[in-house]
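Here is the structure we will look at, set down as structure tokens.
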Amino acid sequence: MPVYNSDIVEIFNEVADLLEIEGANPFRVRAYRDAARTISTLSRDVAEMVEEGEDLTELSGIGEDLAGKIEEIVRTGDLKQLEEIEQRTPPELARLLDIAGLGPKRVQKIYEEQGVTSLEELEEAAREKRIRKLDGLGPKTEAKVLEDLERWSEEEERTRRDVAEERVEPLLDYLRSMENVARVEAAGSYRRKKETVGDLDILAISDAGEKVISRFAEYEDVERVVSQGETRSTVVFRSGLHVDLRVVAEESYGAALLYFTGSKQHNIVLRNMALDRGWKINEYGVWTTDEEAEEQEQIAGEDEEEIYGLFDLPWIAPELREARGEVEAAEEGELPDLITLEDVRGDLQTHTTASDGRASLKEMAEAARELGYDYLAVSDHSGYIGVTQGLEADELAERIDEIDRLNDELEEIVVLKSVEVDVLEDGSLDLPDDVLERLDLVVFAVHSHFDLPLEKQTERIMRAMDNPNCTILAHPTGRQIGKRPAYEVDVGRLMEAAVERGCFLEVNAQPDRLDLDDVYCKMAKERGLKLAISTDAHGTEELRFMRYGVFQARRGWLEPDDVLNTRSWEELKKLLDR
DNA sequence: GCCGTTTTCGGCCCGACTGTTTTCAGTCG
């Protein structure tokens, strides 16, 4: 029974939640959460590190004690300490922490004084008006609890980036049109280009905060106002998206942007660096904290770059601000020179009307040329997959001739002959080698039997990689954001196998896939594996999904050289040749 | 529970807002 990093993360987070409800030392609680975070962003398997006898205390936030607990989890799959805590404190209490307005103190009180141990019992207690009887809680909190319980049962928590984009850009325009507003920027995970956003954080520069905030509440998408003060307000959009607006003065723009962009962990690293230098950093600026002086003096704040400069650091791109070593890299002058959309010279997975796409071969090629691409791989589905009509071997052969004719006619772009061939349950492919050999590249993918055990799934895909015609493994984990989890597969092993065999993995840029994700991108880079960023476009407009893939790649520290399709076709051809 | 060329003990990020108080605790980000 393999133990994944996510198993350890889950156990540590549960220990933290339950300890917090028990009223344990908050710093001890944080130690568990920090450790969970460290492990969740690791690009290696902790189980493997344990096996190889590596010193886990080298990892940040992990000392002797937690290293021992990690080893215990890797060995036994469980943590005795957690079982002991669960004897004292009902484990389902941890889920109550997810309810808005309930933190550890209140959960403890509701448990001890009303005997609530689950979400169901919480709902019952609230309906029977037993929550308002508790000290420090009243009818408003009770109503909020009921409302949030309802929301939880109806909605998913996070909003996909492309969906958020649609809502954010008009809001920014609306706020920018106000006369009292000098600048407006979306911060938070949106600015860090995460695949999903929880809340939206909007930052506005104005000296008329109240005015801006009341205008914000009047915006057409606002369904209700959660809170409203002089400098910040939270509203809920009709879509269910929570939006925070914060208003600061010009001289605090950079500090506020930095602060509200986060991540929280990145900010903590900077804040500690400030403390080391006898400064304080908050959303208004960087301040000296001389005890003698009557007033604190602002030494930076208007500009992000200036603030990083105070710490002798270059500006760090928001996509990297996840406390995954970016500050250390910045100190060493080793920040990656991140890939941009302009570096991309072609798309390596697209579909046409020959399978389940909506545009013809020629329409797709012309749309790609419009984007300034040098090449476009057309990779319609093979026959196996149930989706409409996939290509049989003879149809693919005809297709190859058709592309040859089109290439004679087209200028400034070359259409690459490809296919998205299905990997069958036993790892064989559903097209014969003699037709695959005639293609420029072969995209291979899993579209069935998602529920194989880890070992089988991994070996199935590795067997497909053994076929020298196979070039790029599409959407390697199969996850679909908010819809379907990844199938069980050892991605690290797939990466090693790909390096050995000279094939590659894909970053699928469909906004509901983004597969590989950012952490896997970084893992690939560390293992010397280059990746393709492909849109998997099923229509001409979807060619523009490329940016989502690039965002994910940037979050994974990728540079142009780490990505296959930043190369000219000439160079790429050499790499694809196995 | 972690961490340390100022410390092996004593720190550990901090400001805004709400709801409940009547001066502030708890939550949130």
Side-chain angles (χ1 to χ4, degrees), chain A residues 12 15-16 19-21 23-38 56-70 79 81 85 96-110 131-145 148 187-190 192 197-203 209-210 213 225-235 242-248 252 255-256 258-287 289 296 323:
Chain A
F12 279 179
V15 169
L19 283 178
E20 200 171 27
I21 292 167
N25 176 349
F27 300 107
R28 187 175 162 223
V29 171
R30 203 169 78 189
Y32 281 96
R33 291 202 211 288
D34 285 347
R37 220 203 113 263
T38 295
L56 298 178
T57 63
E58 300 270 304
L59 299 172
S60 91
I62 292 171
E64 291 292 327
D65 184 87
L66 288 179
K69 284 172 179 160
I70 291 170
L79 183 64
Q81 182 200 16
I85 298 172
L96 270 59
L97 294 173
D98 294 331
I99 303 298
L102 295 190
K105 299 277 167 54
R106 287 176 180 172
V107 169
Q108 182 183 40
K109 192 182 273 281
I110 292 169
I131 300 298
R132 65 178 68 183
K133 289 186 186 146
L134 302 167
D135 273 350
L137 292 131
K140 285 205 175 180
T141 307
E142 192 175 76
K144 209 159 98 182
V145 164
D148 206 52
S189 51
Y190 187 81
R192 299 201 313 278
V197 299
D199 299 346
L200 269 180
D201 293 293
I202 311 291
L203 177 67
E210 266 176 296
I213 279 175
V225 177
V226 177
S227 72
Q228 190 167 354
E230 288 175 29
T231 66
R232 64 186 273 187
S233 166
T234 301
V235 302
H242 284 57
V243 186
D244 278 0
L245 174 69
R246 342 249 177 163
V247 184
V248 299
S252 296
L258 183 67
Y259 185 89
F260 296 125
T261 296
S263 66
K264 195 174 169 179
Q265 302 303 327
H266 179 83
N267 288 348
I268 288 173
V269 173
L270 290 183
R271 205 177 298 248
N272 287 330
M273 290 176 76
L275 286 174
D276 288 345
R277 289 165 170 77
W279 303 330
K280 188 179 78 171
I281 182 167
N282 59 22
E283 56 264 60
Y284 301 111
V286 184
W287 311 81
T289 52
Q296 298 177 341

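Note: hydrogens, waters and symmetry copies are ignored here, and every other heavy atom, side chains too, is used. The sequence lines fix the lettering, A, B, ..., with proteins before strands; numbering per chain opens at 1. Source: prediction; values computed, not measured.
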Inter-residue atom distance E20(A).CD - K105(A).NZ, 0.5 Å rounding: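 Answer rounded to 0.5 Å: 8.5 Å.
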Answer yes or no: does a side-chain N or O of [X] lie under 4.0 Å from OP1 or OP2 of [N]?
X	N	result
T141(A)	dT18(B)	no
K69(A)	dG1(B)	yes
K280(A)	dG15(B)	yes
Y259(A)	dA16(B)	no
T231(A)	dC17(B)	yes

Would you list the protein and nucleotides 24-26 of chain B atom pairs, both N or O, that sit under 3.5 Å from each other?
none

Within the distance-only criterion (no hydrogens, no angle test), does the side chain of [X] pair as donor or acceptor with the backbone N or O of [Y] below 3.5 angstrom?
X	Y	value
T38(A)	S60(A)	yes
N267(A)	Y259(A)	yes
E142(A)	I131(A)	yes
R246(A)	T231(A)	no

Taking [M] as the reference, what is the distance to [N] when you measure between their [atom1] atoms (whole Å, please)?
N	M	atom1	result
dT7(B)	dG11(B)	C1'	9 Å
dC3(B)	dC13(B)	P	14 Å
dT6(B)	dC2(B)	P	23 Å
dT21(B)	dT27(B)	P	15 Å
dC17(B)	dT8(B)	P	41 Å
dG10(B)	dC24(B)	P	28 Å
dA25(B)	dT20(B)	C1'	9 Å
dG19(B)	dC9(B)	C1'	39 Å

How long is the line joining [atom1] of [X] and [atom2] of [N], in whole Å?
X	N	atom1	atom2	answer
I281(A)	dC14(B)	CD1	C1'	12 Å
D201(A)	dC28(B)	CG	C1'	12 Å
L258(A)	dC14(B)	CG	P	15 Å
K144(A)	dT18(B)	NZ	P	9 Å
Q265(A)	dG29(B)	CD	C1'	12 Å
R192(A)	dG29(B)	CZ	P	13 Å
I268(A)	dC3(B)	CD1	C1'	15 Å
Y32(A)	dG1(B)	OH	P	4 Å

Polar contact flag, side-chain donor to acceptor under 3.5 angstrom, K69(A)-Y32(A):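 There is such a pair between these side chains.
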Lys/Arg N to Asp/Glu carboxylate O, E283(A) vs R232(A), below 4.0 Å: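 Looking at E283(A) and R232(A), the cut-off is not met.
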Residues D148(A) and K144(A) bridged, charged N to O under 4.0 Å: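 Not counted as a salt bridge, because no side-chain N and carboxylate O are separated by less than 4.0 Å.
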5' precedence on DNA chain B between K140(A) and I62(A) (nearest-nucleotide basis):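 Closest to the 5' end, via its nearest nucleotide, is I62(A).
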A100(A) vs Q81(A), nearer the 5' end of DNA chain B by closest nucleotide: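 It is Q81(A), whose closest nucleotide lies nearer the 5' terminus.
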Describe the nucleic acid contact of [X] in one word from base, sugar-phosphate, nothing, applying a heavy-atom distance below 4.0 Å.
X	value
I99(A)	sugar-phosphate
Y284(A)	sugar-phosphate
A35(A)	nothing

Could you pull out the protein-nucleic contacts involving nucleotides 6-12 of chain B (nitrogen or oxygen on both sides, under 3.5 Å)?
| from | atom 1 | to | atom 2 | distance (Å) |
| --- | --- | --- | --- | --- |
| dC12(B) | O3' | R30(A) | NH2 | 3.3 |

Closest approach of T57(A) to E64(A) (non-hydrogen atoms, all atoms of both residues):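 Nearest pair, atom of T57(A) first, then E64(A): CG2-N, 3.8 Å.
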Heavy-atom pair of closest approach, residues A256(A) and V248(A):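 Closest heavy-atom pair between A256(A) and V248(A): CB-CG2, 3.7 Å.
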Side-chain heavy-atom pair V243(A), I202(A) within 4.5 angstrom cut-off: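 Yes - at least one pair of side-chain heavy atoms lies under 4.5 Å apart.
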Base paired to dT8(B) (Watson-Crick or G-U; both N/O distances under 3.5 angstrom):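 For dT8(B), the partner nucleotide comes out as none, under the 3.5 Å rule.
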